[in-house]
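Indexing begins at 1, ligand by ligand and atom by atom, following the structure's order. What you are looking at is a predicted structure, and each value in this text was computed from that prediction instead of being measured. Along the sequence shown, residues are numbered consecutively beginning with 1.
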Amino acid sequence: MTKHIFVTGGVVSSLGKGITAASLAMLLKHRGYRVAMQKMDPYINVDPGTMSPYQHGEVYVTDDGAETDLDLGHYERFAGISCSQASNYTTGRIYSNVINREREGGYLGGTVQVIPHITDEIKKAVASLDSPDNDITITEIGGTAGDIESLPFLEAIRQFYHESGPHNSLFIHLTLVPYIRAAREIKTKPSQQSVGILRNIGIIPDILICRTEKPMQDEHISKLALFCNVSKELVIEERDVKNSIYEVPIELAKQELDLKILRRLELEPCELNITNWKNMVDRIINHEKSRVTIAVVGKYISLRDAYKSIYEALDHAGIHNSVKIDILMVEAEELDAAEDFELIGKADGILVPGGFGDRGIPGKLKAIKYARENRIPFLGICLGMQCAVIEFARNVLGHQAANSTEFDKNSPFPVIDLMLAQKSITAKGGTMRLGAYPCELPPGTNAARAYDASVISERHRHRYEFNNAYRNEVEAKGLKIVGTSPDGELVEIVELTGHPWFVACQFHPEFKSRPLEPHPLFKDFVAAALKLHRQR
Ligand code: GLN
């Protein structure tokens, strides 16, 4: 029988609920349990696929093609969990299921209501990961206790907890214990009030995890235990970590959070072995000796979350190459407007990430031209690959009007064009080429060397692709196609010959990078950047 842990948040948003839940999953997995994770997002969009990265941060794509919240990236990176369509539900998705059923006559003349119909649908979503192969599901409830939007989710998990019987479910409340600088004191009142809000709707947290800047003293822990109905040993401190988010599970393990959870759920506490993880964190802390600078030239640069998985994947590659990565976040439009290349002049490697729409394209093309001509290691991802092809067509093949039909429908040289399968699609939301597809790599290229494999699987999220009509011309001048779909039809990776390391891919390698298993392309890209750095 699958047991359930629900993680709610209190006082403020951005407490790191996703990282905390992911850390927990990581620890439980390292105690030998099979763990699944999911996130409930209280907004009305059916999924984040249609939202601007400025609104929502990156859209994380799973193997099965779900467009999801970026917290799922933490789940996969920390716990090596494979997320799926069942790992992210929104209010919009829950309501649309219920409304569709109502339209089909599924409620037999009944009045359809938040309780029980919406809450039943939420409980179904919670139970959707139950299976004999899954010991524990961790469900993170988005939003903050007290939000109107998240009420149906909280009501549903209250019912679920009650119905699942003793020791089968657990509530964890992540809260803020702020430090008031003027008073030089840390304060427990906001947490007491947040637990009060939950208690009003019938939820009493079993465990309190307190995000804090300063160490908590016994008096604070006693106070929280007293006011919140939690035993003292279940008030856990989660202090800000110094070097890396990957320290969080280690800190939580020191307080035996995982062990306490297993006891509450009446699960056998097997041995915890996180030596590899600790070694990895040690490397992060101690690899300050050498540094490389990687410029990421994008259009959502002001929001760090917009390129979350890319920055993480760079860090993973840094850990593996024993270097600290200094990420230069370059706004493509600023680079375009600049007279010179000072914004990227220091970069030992240049990365152009994915994106949509034409804002920032000239700046990205400028960065790619610079990388190509100055032999700076380059990694292009999705739109970054499409831009690399456009830049090559314009400046090497001499087709000044070469473009993607995403930006110029009537381009005389549409080197990037809408995929055939996309031509009849008008609906937005979940309609791109999404999720994992195989890709074949001929031997003897930088890409094949990186992967050390001839067939790989990578995740996609795009509508446009390399236009096969230009294959011969592009390849003849040195931009080689070094990865295709198994039928040879779709270009998945291109690579520049005669350049130290210039690789661009149509898929998103960043989604599959893990701190203990950096992604091969990121790893080799950073290695090439390090080589250049040393030469300089
Ligand atoms: N806008 C491009 C496309 O739809 C690239 C997408 C992306 O970078 N994810 O094909």
Would you mind checking if [Y] and [X] are paired as a salt bridge, meaning a charged N to carboxylate O distance below 4.0 Å?
| X | Y | result |
| --- | --- | --- |
| Glu121 | Lys124 | yes |
| Arg536 | Asp348 | yes |
| Lys423 | Asp417 | yes |

For [atom], which protein heavy atom lies nearest, and how many Å away is it?
| atom | value |
| --- | --- |
| atom 8 (O) of ligand 1 | Gly355 N, 2.8 Å |
| atom 10 (O) of ligand 1 | Tyr464 N, 2.8 Å |
| atom 9 (N) of ligand 1 | Arg461 O, 2.9 Å |

- Message: I'd like to know whether ligand 1 has Met432 as a neighbour, heavy-atom separation below 4.0 Å.
- Response: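 Not so, Met432 does not reach ligand 1.
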- Message: Between ligand 1 and Met419, can you find any atom pair, the residue atom being a heavy atom, that is separated by under 4.0 Å?
- Response: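 No.
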Answer yes or no: does an N/O atom from [X] fall short of 3.5 Å to an N/O atom of ligand 1?
| X | result |
| --- | --- |
| Glu406 | yes |
| Leu383 | yes |
| Arg463 | yes |

- Task: Would you give the length of the straight line joining atom CG of Asp487 to atom CD of Glu440, rounded to the nearest 0.5 angstrom?
- Result: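 With rounding to 0.5 Å, CG (Asp487) is 9.0 Å from CD (Glu440).
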- Between CD1 on residue Ile310 and CD on residue Glu58, distance to nearest 0.5 Å: 7.5 Å
- Task: Measure from NZ or CZ of Arg433 to the centre of the six-membered ring of Tyr437 and say whether it is under 6.0 Å with the direction within 45° of the ring axis.
- Result: yes
- If you draw the axis of the six-membered ring of Phe378, does the NZ or CZ of Arg372 fall within 45° of it and under 6.0 Å from the ring centre? no
Show the atoms of ligand 1 that are less than 4.0 angstrom away from any heavy atom in [X].
| X | answer |
| --- | --- |
| Gly354 | 8 (O) |
| His508 | 9 (N) |
| Cys382 | 5 (C), 6 (C), 7 (C), 8 (O), 9 (N) |

- Item | Side chains of Val494 and Met385 in contact at under 4.5 Å (non-hydrogen atoms) | yes
